[in-house]
Amino acid sequence: MNPTDKGIRKALGSSPQLRLPSNFTYRTLQRIEEEQRRREHAQEKWLFVAMVATCCLMVGGLVFAGCWFYGESLKEGLRHTTAWLQLLLNNGFTLPLLLSLPLLWVFNQVLKRKFEGT
């Protein structure tokens with residue numbers, strides 16, 4: 001045994017003994033699990049962003065392809081729909097009805113949520 005080994009052993013022997021808390025392993029594993037959860041959450045967030053971007057690109061591509069291939073027939077259909085919509089809006093009763101029904105539906109949903117909890 002060389003003298004450096006003896007010196008190291010002597011230094012270790014004279015140093016105060018460090019005592020770890022009794023729940024050291026539990027707390028260490030808990031920290032490791034928390035770090036894993038943070039990383040998984042970050043990965044899930046980026047995956048969600050990528051999924052939304054992909055869906056937007058796919059819908060945009062679908063709209064572009066539909067306009068490219070069926071543009072003329074869509075324009076003709078829109079002309080017929082516009083004429084039908086103008087007929088409905090010329091009637092004085094239809095416009096307030098079309099505006100009030102969505103507002104009443106939203107009001108109904110808000111009241112349902114409020115009173116279901118009580």
Side-chain angles (χ1 to χ4, degrees):
M1 187 176 276
N2 58 17
T4 56
D5 290 339
K6 288 180 183 178
I8 292 174
R9 286 186 187 183
K10 186 177 179 183
L12 286 175
S14 65
S15 68
Q17 292 289 331
L18 295 175
R19 298 213 24 122
L20 294 174
S22 62
N23 62 349
F24 174 76
T25 55
Y26 173 75
R27 289 188 338 184
T28 304
L29 289 175
Q30 193 175 24
R31 288 181 191 151
I32 291 171
E33 288 174 358
E34 287 174 10
E35 182 65 27
Q36 282 180 333
R37 272 184 270 168
R38 276 192 224 115
R39 286 182 184 169
E40 287 174 0
H41 181 68
Q43 285 178 346
E44 288 173 0
K45 188 188 314 182
W46 282 110
L47 181 65
F48 179 75
V49 168
M51 184 180 65
V52 167
T54 303
C55 289
C56 289
L57 287 173
M58 289 175 69
V59 168
L62 182 65
V63 168
F64 177 75
C67 290
W68 182 267
F69 291 114
Y70 302 108
E72 293 301 319
S73 59
L74 285 174
K75 285 179 188 176
E76 188 63 32
L78 189 60
R79 283 190 197 112
H80 291 302
T81 305
T82 307
W84 177 76
L85 189 59
Q86 283 180 350
L87 251 171
L88 280 177
L89 294 179
N90 284 339
N91 187 355
F93 177 72
T94 310
L95 184 60
L97 182 67
L98 289 176
L99 293 176
S100 65
L101 284 177
L103 292 174
L104 288 172
W105 181 80
V106 168
F107 184 62
N108 184 31
Q109 295 301 318
V110 169
L111 288 176
K112 273 186 185 178
R113 286 188 185 146
K114 183 176 180 178
F115 288 111
E116 280 179 356
T118 59

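These values consider heavy atoms only, across backbone and side chains, with no hydrogens, waters or symmetry-generated copies.
Atoms CG and CG, from Leu101 and Asn108 in turn, are 12.0 Å apart once rounded to the nearest 0.5 Å. In this structure, Arg37 CZ and Glu44 CD are separated by 12.0 Å, a value rounded to the nearest 0.5 Å. With rounding to the nearest 0.5 angstrom, the CD atom of Glu34 is 11.5 Å from the CZ atom of Arg27. Taking CG of Leu111 as the start and CZ of Arg113 as the end, the distance is 11.5 Å to the nearest 0.5 Å. Between atom OG1 of residue Thr28 and atom CG of residue Asn23 there is a gap of 9.0 Å, rounded to the nearest 0.5 Å.
No path of Ile, Leu, Val, Met, Phe, Trp and Tyr side chains, each step under 4.5 Å between heavy atoms, connects Leu99 with Leu103, placing them in separate hydrophobic clusters. Hydrophobic cluster membership differs between Phe24 and Leu29, with clusters built from Ile, Leu, Val, Met, Phe, Trp and Tyr side chains linked at under 4.5 angstrom. Each of Leu74 and Leu62 belongs to its own hydrophobic cluster when Ile, Leu, Val, Met, Phe, Trp and Tyr are linked at side-chain heavy-atom distances under 4.5 angstrom.
The pair Glu35-Arg38 meets the salt-bridge criterion, with a side-chain N (NZ, NE, NH1 or NH2) lying under 4.0 Å from an Asp/Glu carboxylate O.
More than 12 heavy atoms of other shown residues, nucleotides or ligands fall within 6.0 angstrom of atom CE in Met51.
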